[in-house]
Amino acid sequence: MRATELFMPTLREDPADAEAISHKLMVRGGFVRQFASGIYIMLPLGWRVMQRILGIIREEMTGIGANELSMPTLHTADVWQATGRYDAIGDEMFRLDDRGGRKMVLAMTHEEVFAWLASRELRSYRDLPKIWYQIQLKFRDEPRPKGGILRVREFVMKDSYSFDMDEAGLDKSYEKHIGAYDRIFERCGIEYLRVESDSGFMGGAQAHEYMAPSPAGEDRVAICTKCGYAANVELARSVAAQPAAPAASGSAPREVATPDQRTIAEVSKFLGVEPWGLIKSLLYIADEKPLLVLVRGDHELHENKLARHLKAAVRPAHPEEVLEYVGAEVGFVGPVGVAERRVRIVADETLRPEGPAGPREYAAGANKPHTHLMGVVPGRDFQAEWADLREAQAGDGCPDCGEPLAVDVVIEVGNIFKLGTKYTKPLNATVLDESGQERLIIMGSYGIGPARIAAAAVEQHADERGIVWPKAIAPFDIHLVHVQPKDELQSDVAGKLYDALKAEGWDVLWDDREERPGVKFADAELIGCPIRVTVGKKAGTGVVEVEPRGEGGREEVAVDECVAAVRRLWEAAL
RNA sequence: CGGGACGUGGCGCAGCCUGGUAGCGCACCUGCUUUGGGAGCAGGGGGCCGGCGGUUCGAAUCCGCCCGUCCCGACCA
């Protein structure tokens, strides 16, 4: 394509409201424009990248026998009411009424509609297994869109759904998706991890997320480089790294005055006790009842783990509630004596007294103003229920092999869930088995965010000049910079090269604009096509330049050898 | 939802504190020159200063409310 025919609005400066590298570069490079908060326009370059990614996805989905179809994005509320999600999901769902007053929603995801279709069309075990997928818009009224294209309110998703007779069939469909997904992310040229994840409100047994490491990400994963354990920190298990607190002495807890010492850091310093010798006591509200949550002082509570343990939504208590329920202000809360106030106590496993090291003693808040207790022994001075509540930290031991874990910041680019009958049951999606028995279909659901793949690719492959696209998903394969379009000789060479390169099957962007050379070079580096061919002043002597976008130098080649030189660079490109 | 910031030609910003009817760079249009790293000169077009209300002789500027956008946290298949 000729640049003079292409809508390619590049910007010299970073947009003021962009923070993430991918956001800045995709706006500057003329790939996307923001329409409203969390709602983006895909410009021609951005849309080409999307199509490349979708092409790879389609090939790999076809490869596992999946069928593409297209579902509505405007749903009647009834299917969502049937599965209970109409009420379970709050403001994140866009809701509207039709002219007759019927409740409608914009699709956040499509389990309901796929299960509805399955319930009407799949009748026999002979119809299974099936994998259906679509590439379709999703709408989510995110409380806080951010990171440009990373967290938005309307976005394209590839979502597929598997339908099987039994768990064994589901396992196979799940494995097929793992294979396809591994190949998709590999082919797209991004670095990724497959990690264990929380099945969240999707429900279901097993779930993994595909994560692309990037500082622009919003999730954290714990990974073990030795044995391969990898999990989202919202469920990652780990072995606390820091040493245990002192062994319990026989004496009862004693009060110490700690004027104005509220935080772990303050109390630790004031009492001369390391953070891991403290108990962090956090008052939460679950089901409108108070709940004291305990973790060791050097640990962080992960609220999802708490919520999962309780099977209830939780929120931190307000300061007034803390005062009301435990009788002390925030900073002086502790576990001793709160059970008598009918406050339930849940404590992290690390504090459990039955460990190999036996009971330990800690310092904790005394539930009295400006006072802490020392020598508090879990199990003796207070009782609690035990659960894994703490967030895995870098340096913790791997739960499987004990090696230190690393924690990476990542962008979620895909996920896979074993759903079971969570959606087929309420929508009554059944088939008859060999014996004529009605059986619920076992379902799985599998998503990929193509725009997030693009953003992750930019995050992972960019330099100070612009984007360095992996070759499989670049908007064009070759950027043909025609330095002097008015020069007839150059035009002749550029035109011939354009045809020759296209004839080899490459997509070529021919920059035939009347622009200064500097502008063209800068745009080429910003847009980031894998290979640049420059037709300039030496074209008269039959010489042009070829250059890969990443590291690697520029070389001069004869016009006749240009295609071969490009092919060599193309093979070497990521 | 809690905290913070911002809103002035298409883009990036100054002006606001100390009220007097809007400016800079880039982009855009015309002409000439220039042409291998975001050109030069000359001329030109474009802004109800986010909205509403208030104070004032007079508001981009002061006050109030609202809207929008971004960032941190919470939240989030």
Side-chain angles (χ1 to χ4, degrees), chain A residues 9-20 23-24 27-28 30 33-39 83 85 88-93 107-112 138-148 150-153 155 157 159 161 197-204 207-210 216 218-219 232 234 284 302-304 307 313-316 318-319 412-419 422-423 444-449 452 465-466 481-487 490 511 513-526 532 534-539 543-545 547 554 556:
Chain A
T10 56
L11 265 31
R12 188 188 293 238
E13 294 173 89
D14 283 337
D17 54 9
E19 199 74 17
H23 187 193
K24 288 178 182 170
V27 171
R28 275 190 58 202
R33 285 294 184 266
Q34 185 173 15
F35 174 70
S37 180
I39 307 179
T83 60
R85 289 164 114 189
I89 298 171
D91 294 336
E92 205 184 338
M93 181 145 59
M108 296 179 62
T109 170
H110 283 79
E111 280 77 16
E112 277 80 358
K138 302 283 183 273
F139 298 88
R140 292 178 194 178
D141 196 359
E142 292 287 347
R144 190 183 151 208
K146 60 181 286 198
L150 282 172
R151 175 161 294 275
V152 289
R153 298 194 293 172
F155 57 100
M157 176 179 279
D159 48 324
Y161 303 85
S197 74
D198 184 9
S199 50
F201 92 86
M202 300 295 301
H208 287 86
E209 289 166 324
Y210 281 79
E218 301 179 89
D219 284 289
N232 194 311
E234 68 192 17
Y284 271 76
H302 199 295
E303 285 188 9
N304 289 21
V314 298
R315 66 167 174 85
H318 303 307
E412 182 186 353
V413 289
N415 53 36
I416 54 180
F417 292 94
K418 290 185 181 176
L419 297 175
K422 175 165 169 140
Y423 298 94
S445 99
Y446 316 85
I448 289 181
R452 283 190 173 179
R465 291 166 181 247
V481 177
H482 184 176
V483 176
Q484 195 52 262
K486 279 181 179 160
D487 180 310
Q490 278 190 30
D511 192 349
R513 295 174 301 168
E514 290 290 345
E515 286 287 354
R516 312 271 312 171
V519 173
K520 296 189 175 199
F521 295 142
D523 275 350
E525 282 148 0
L526 177 59
R532 180 173 112 196
T534 308
V535 176
K537 53 193 175 191
K538 289 186 181 167
V543 172
V544 296
E545 285 168 12
E547 177 182 2
R554 199 173 295 173
E556 295 189 344

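First the proteins, then the strands, lettered A, B, ... as listed; each starts at 1.
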For the backbone of [Y] and the side chain of [X], can you confirm whether one donor and one acceptor N or O come within less than 3.5 Å of each other?
X	Y	value
A:Q490	A:Q484	yes
A:R153	A:D141	no
A:R33	A:V27	yes

*Approximate separation, where rounding is to 0.5 Å, of A:R465 CZ and A:L526 CG*: 11.5 Å

*Would you kindly say whether A:R452 and A:Y210 are connected by a side-chain donor-acceptor distance under 3.5 Å?*
no

Measuring only the [atom1] atom in each nucleotide, how far is [N] from [M]? A whole number of Å is fine.
N	M	atom1	value
B:rG3	B:rG20	P	34 Å
B:rC26	B:rC65	C1'	36 Å
B:rC13	B:rC6	C1'	13 Å
B:rU8	B:rC52	P	16 Å
B:rG54	B:rC11	C1'	34 Å

Less than 3.5 Å between a donor and an acceptor, one on the side chain of [X] and one on the base of [N], is that the case here?
X	N	value
A:R12	B:rG10	no
A:E13	B:rG38	no
A:R144	B:rG2	no
A:R315	B:rG73	no
A:E525	B:rG37	yes

For [N], the Watson-Crick or wobble counterpart (both distances under 3.5 Å):
N	answer
B:rG45	none
B:rA60	none
B:rA5	B:rU69
B:rC75	none
B:rG23	B:rC13
B:rG38	none

*asked:* Taking the nucleotide of RNA chain B with the nearest heavy atom to each, does A:E514 or A:V314 sit closer to the 5' end?
replied: A:E514

*Which comes earlier along RNA chain B counting from the 5' end, the contact point of A:L526 or that of A:P15, where each point is its nearest nucleotide?*
A:P15

Which is true for [X] with a 4.0 Å heavy-atom rule: it touches a base, it touches only sugar-phosphate, or it touches nothing?
X	value
A:G414	nothing
A:Q490	nothing
A:R532	base
A:R33	nothing
A:E303	sugar-phosphate
A:E234	nothing
A:R153	nothing
A:A16	sugar-phosphate
A:P485	nothing
A:K138	base
A:D14	sugar-phosphate

Nucleotide nearest [X] (side chain, heavy atoms from C-beta), chosen from [options]:
X	options	answer
A:E92	B:rA74, B:rC76, B:rG38	B:rC76
A:R465	B:rG36, B:rG37, B:rC76	B:rG37
A:D17	B:rC70, B:rG38, B:rG36	B:rC70
A:A36	B:rG36, B:rU69, B:rC76	B:rU69
A:P517	B:rG36, B:rU69, B:rG38	B:rG36

Under 4.0 Å between a side-chain N/O of [X] and OP1 or OP2 of [N], yes or no?
X	N	answer
A:K146	B:rC72	yes
A:S37	B:rC70	yes
A:R516	B:rU35	no
A:R151	B:rC76	no
A:Q34	B:rC70	yes

_N-O pairing of A:E111 and A:K422 below 4.0 Å_ = no

*Does the pair A:R532/A:E525 count as a salt bridge with the N-to-O cut at 4.0 Å?*
yes

*List the atom of A:E92, the atom of A:E142, and the distance in Å for their closest heavy-atom pair.*
OE2-OE2, 3.8 Å

